[in-house]
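See below for the structure under consideration.
Only a predicted model underlies this, so the values are computations on that prediction, with no experimental measurement involved. What you see below is based on every heavy atom in this structure, not just the backbone, and it leaves out hydrogens, waters and symmetry mates.
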There are 4 protein chains.
Amino acid sequence: MMMEKAERTEAGQTGHVARSDDGANPIAPQPDIPETGPAKRRLESRRKLMEAARRLFVERGYHATRPQDISREAGVGHGTFYLHFDDKLDCFLAFGDEAASELDVIIAAHLVSVQTLDDAVLEMLRGIFEYSRKNPGVLAAALTDISVLSTGEEVDRVVPADRWSLGWGRFLAEMQAKGHVAPDVDTTLAGYLIVGAIRQGGAYASLNGLDRDSTIEAMAKLFVRALK
Amino acid sequence: MMMEKAERTEAGQTGHVARSDDGANPIAPQPDIPETGPAKRRLESRRKLMEAARRLFVERGYHATRPQDISREAGVGHGTFYLHFDDKLDCFLAFGDEAASELDVIIAAHLVSVQTLDDAVLEMLRGIFEYSRKNPGVLAAALTDISVLSTGEEVDRVVPADRWSLGWGRFLAEMQAKGHVAPDVDTTLAGYLIVGAIRQGGAYASLNGLDRDSTIEAMAKLFVRALK
Amino acid sequence: MMMEKAERTEAGQTGHVARSDDGANPIAPQPDIPETGPAKRRLESRRKLMEAARRLFVERGYHATRPQDISREAGVGHGTFYLHFDDKLDCFLAFGDEAASELDVIIAAHLVSVQTLDDAVLEMLRGIFEYSRKNPGVLAAALTDISVLSTGEEVDRVVPADRWSLGWGRFLAEMQAKGHVAPDVDTTLAGYLIVGAIRQGGAYASLNGLDRDSTIEAMAKLFVRALK
Amino acid sequence: MMMEKAERTEAGQTGHVARSDDGANPIAPQPDIPETGPAKRRLESRRKLMEAARRLFVERGYHATRPQDISREAGVGHGTFYLHFDDKLDCFLAFGDEAASELDVIIAAHLVSVQTLDDAVLEMLRGIFEYSRKNPGVLAAALTDISVLSTGEEVDRVVPADRWSLGWGRFLAEMQAKGHVAPDVDTTLAGYLIVGAIRQGGAYASLNGLDRDSTIEAMAKLFVRALK
DNA sequence: GATGAATGAGCGTTCATTCAT
DNA sequence: CATGAATGAACGCTCATTCAT
């Protein structure tokens, strides 16, 4: 049955946006972006849909955003939405992946030449807050707990929060290898704790209009103390 | 808005369970439980509904649980649901409050005679994990992000996560006053960070089947280090 | 998954209309039809829906009839439709079953005191055409090939055409036992052939406005000759 | 209505395959097939579409087959479908016509030198079953009731079942003229009855895995008896 | 002639909530 | 106080058809 469904589903769907390597990484393989023809139209539609989806998911949240809202906001027909996404959840996850990729780029840029743990943590937080300032609400929306969204099926999808948690974990492990993090720290667990802390702390800070720089410093101080 | 809603409801709405004094205060005022009469029936219905709601919210999540499911699971008529709750969200928040109160009691018991910050953090975490073990899934469900639930309107209702964050903040402030927490720590922010860390870390631990005791110790160590 | 769905489906659905035994059978067990209360409302809604469904399935056919058309025609809300039927196909099958039961009653009445094969075939056809006259289009609609309707799932449902074919087969077997049908006739196959012939022949007769009585006689003559 | 539709179509629409003279006449006029050039491409596309349509209509049925599925299966662009067919129903009818023509050829071959009614009926049935064996499911699909397909509009198009019924009728009339069929038989009606019987009986036989030869003989015996 | 992305009316269905009993 | 049948706006999604390239 699922096969049949898959068979009858429109082709499209190159999956969730190809990760862009540019930014910190100078030499990016140029994916052949067609300048004309149907493929160009297709890409344009997808871009319009992604932008509209981001806008609406951020503004209204997942459940208050309907596929037809996204289509209208994008200026394409309702059916076009389903030409590019399997369903609403697929669209949301694509949005989350996109945000994750963008943030990765920013953080990579911030980490380019840091040496100490203090700097690294500070720069990571700065990267996150910079992204949040430029893209208000995007991280909060992208971090939405997927288990609340799905109706029991696709719990196996990797959610951005996990991806970032593991990223922090790997980073901390490197730092630990260099002696910057105490040897008794479970770096993977710490990665998860930090992401959780950032999510909740960020929400608190933005809700209560806290000063960004002092929040960053306060958080960095706590994290660094915990890890050293 | 909430006023308007309250006005719409005729029935005597016990509303959201009487709050224990917040935070870590263990003793909740005992409401007088009638032994007979219609009031008893009413309370029984409510109890059955609350139990059913908890079961279903935990098993299926908020969106996959319909008021009708709760009523059926409770063995009462569908209309009875709206005799006890303004709407579905009200019911969910009542569930969250109930869980919060139960957890408060447990934590209070754990804190009865601790003296040091180390012990306090450790015992708090032990309390949380004990509750999680006895009530699997309840905390995760109760901590569900409210913004994901509402359809854009009622973001003003207090969510358990904030309540606990503030509780931790107050507790840390007390500890700071006694000199157990470094004076440069923003205790409110730290409270939020810790709750966020616990949420994400707890999910990680339960998902990956980590040993409870060592997780608690690892988390406690990190928190204490950060705060001292 | 199907379990889950079943669990979340509304109760209702006593299945396809209880066969009415009255008509030829004098002593019918009186099912307790409630005269008041919600059960009565429920029954009334179902009856209104069944009548509307019959009207529309006959007038427009299966695919051109939408559940909401049936609801509107019945004068009930759209949701009420799904309180009484799992889905559109379920409603159509209930309609088919109802028609089958009604026809059974009529045919049974026609067969009450026939002795010869000639009379039996003639009376059966008279019963069928009488029903068709009183309920124009109903048989044609009810005989709609189910395989054309379903989307590949529930092919195991017994379709009216099969039910009638088997009925004819049994009847012919009885007649064969009494020596009224040639011993070399495969009565089951003959049952199917006759139903197929009636369906196609009936359509032809009604389309070309043939005289009913002479058509019946012509068909009866052919059937009897084939069987003797 | 068909005129209007035809006007809408610019392309030179070969339309429904040139009909062989109807009924049992075997020889169809040979359309000149171009060996090269754009006309050849056109014919190739059409052939690919027809083959794909047959495969899918047989496998999935009319409603579960989308024009896009046919195009993809045929390996041509989706738009090409509408270069060759007015709409989906037009394509289905073309498929039915094609099957009818093929069957006509086979039956004509079977009838080449029969003399008696018994032989004729037997050979016709043999032709039908031979075709069914070589093209499983095609007849069942082609015989799909048109009224179930259309959404209320185009009931005026000729359906294969009628075409075959009339063919049988003409054949029986010839036989009647030669004295092989009883003079009191309404040959047109009998033609319809036989096609109906074959359809229903064939379905029964294939569903229950009946032996082909004995089924043919049983059916032939009944038909011949009825007609003599 | 061929393409395939785009279209949007319309589909079948759900579910939070109401209200007559 | 409790009931549960009824409601209908709104949902996510489909697909026969069009048209710019």
Take the protein atom [atom1] of [X] and the nucleotide atom [atom2] of [N], then report the distance between them rounded to whole Å.
X     : N      : atom1 : atom2 : answer
A:K40 : E:dT3  : NZ    : C1'   : 18 Å
B:L49 : F:dC1  : CG    : P     : 15 Å
D:R72 : F:dA16 : CZ    : C1'   : 15 Å
B:D69 : F:dG4  : CG    : C1'   : 14 Å
C:K48 : F:dA5  : NZ    : P     : 15 Å
C:F85 : F:dA5  : CZ    : C1'   : 15 Å
D:F81 : F:dC15 : CZ    : C1'   : 12 Å
B:R47 : F:dA2  : CZ    : P     : 13 Å

Exercise for the section: Find the partner of E:dG12: check Watson-Crick (N1-N3 plus N6-O4 or O6-N4) and G-U wobble (N1-O2, O6-N3) distances, both under 3.5 Å, and reply none if neither fits. Expected result: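 By the stated definition (distances under 3.5 Å), F:dC11 pairs with E:dG12.
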Handout entry: Paired nucleotide for E:dT21 [Watson-Crick or G-U wobble; both distances under 3.5 Å]
Key =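 WC or wobble partner is F:dA2.
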Exercise for the section: Consider the side chain of A:R42, meaning its heavy atoms from C-beta on, and name the nucleotide among F:dA16, E:dA6, F:dA6 that approaches it most closely. Expected result: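 It is E:dA6.
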Exercise for the section: Ignoring the backbone of B:L83, work out which of F:dT3, F:dA16, F:dT7 is nearest its side chain. Expected result: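 So the nucleotide nearest the side chain must be F:dT3.
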Handout entry: 5'-most by nearest nucleotide on DNA chain F - A:G79 or D:G79
Key =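 Counting from the 5' end, the first nearest nucleotide belongs to A:G79.
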Problem - 5' precedence on DNA chain F between C:G75 and A:K88 (nearest-nucleotide basis) - result: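 Counting from the 5' end, the first nearest nucleotide belongs to C:G75.
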Hey, is the side chain of [X] poking within less than 4.0 Å of OP1 or OP2 on [N], counting only N and O atoms?
X     : N      : value
A:H78 : F:dC15 : no
A:S45 : E:dA5  : no
C:R41 : F:dA5  : no
B:R66 : E:dC15 : yes
C:Y82 : E:dT13 : yes

Tell me if a side-chain donor or acceptor on [X] pairs with a main-chain N or O of [Y] at a distance below 3.5 Å.
X     : Y     : answer
A:T65 : A:L56 : yes
C:T80 : C:V76 : no
B:S71 : B:P67 : yes

Practice task
Determine the contact category for A:P67: base if any of its heavy atoms lies under 4.0 Å from a base atom, sugar-phosphate if only primed atoms, P, OP1 or OP2 are that close, otherwise nothing.
Solution key: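 A:P67: backbone/sugar contact only, no base atoms under 4.0 Å.
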Handout entry: Along DNA chain E (nearest heavy atom to each residue), the more 5'-positioned of C:T80 and C:T65
Key =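 Its nearest nucleotide being more 5', the pick is C:T65.
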Exercise for the section: For A:Q68 and for D:G77, find the nucleotide of DNA chain E with the closest heavy atom, then tell me which residue's nucleotide is more 5'. Expected result: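 Of the two residues, D:G77 wins.
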Problem - NZ or CZ of C:K88 within 45° of C:Y62 ring axis and under 6.0 Å - result: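 Yes, cation above the ring, under 6.0 Å and within 45°.
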Practice task
Look at B:K48 together with B:E44 and state whether they make a salt bridge at an N to O cut-off of under 4.0 Å.
Solution key: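 Judged by the 4.0 Å cut-off on N to carboxylate O distance, B:K48 and B:E44 do not form a salt bridge.
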Exercise for the section: Could you tell me whether C:E59 and C:R55 have a side-chain N and a carboxylate O separated by less than 4.0 Å? Expected result: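 C:R55 and C:E59: not salt-bridged.
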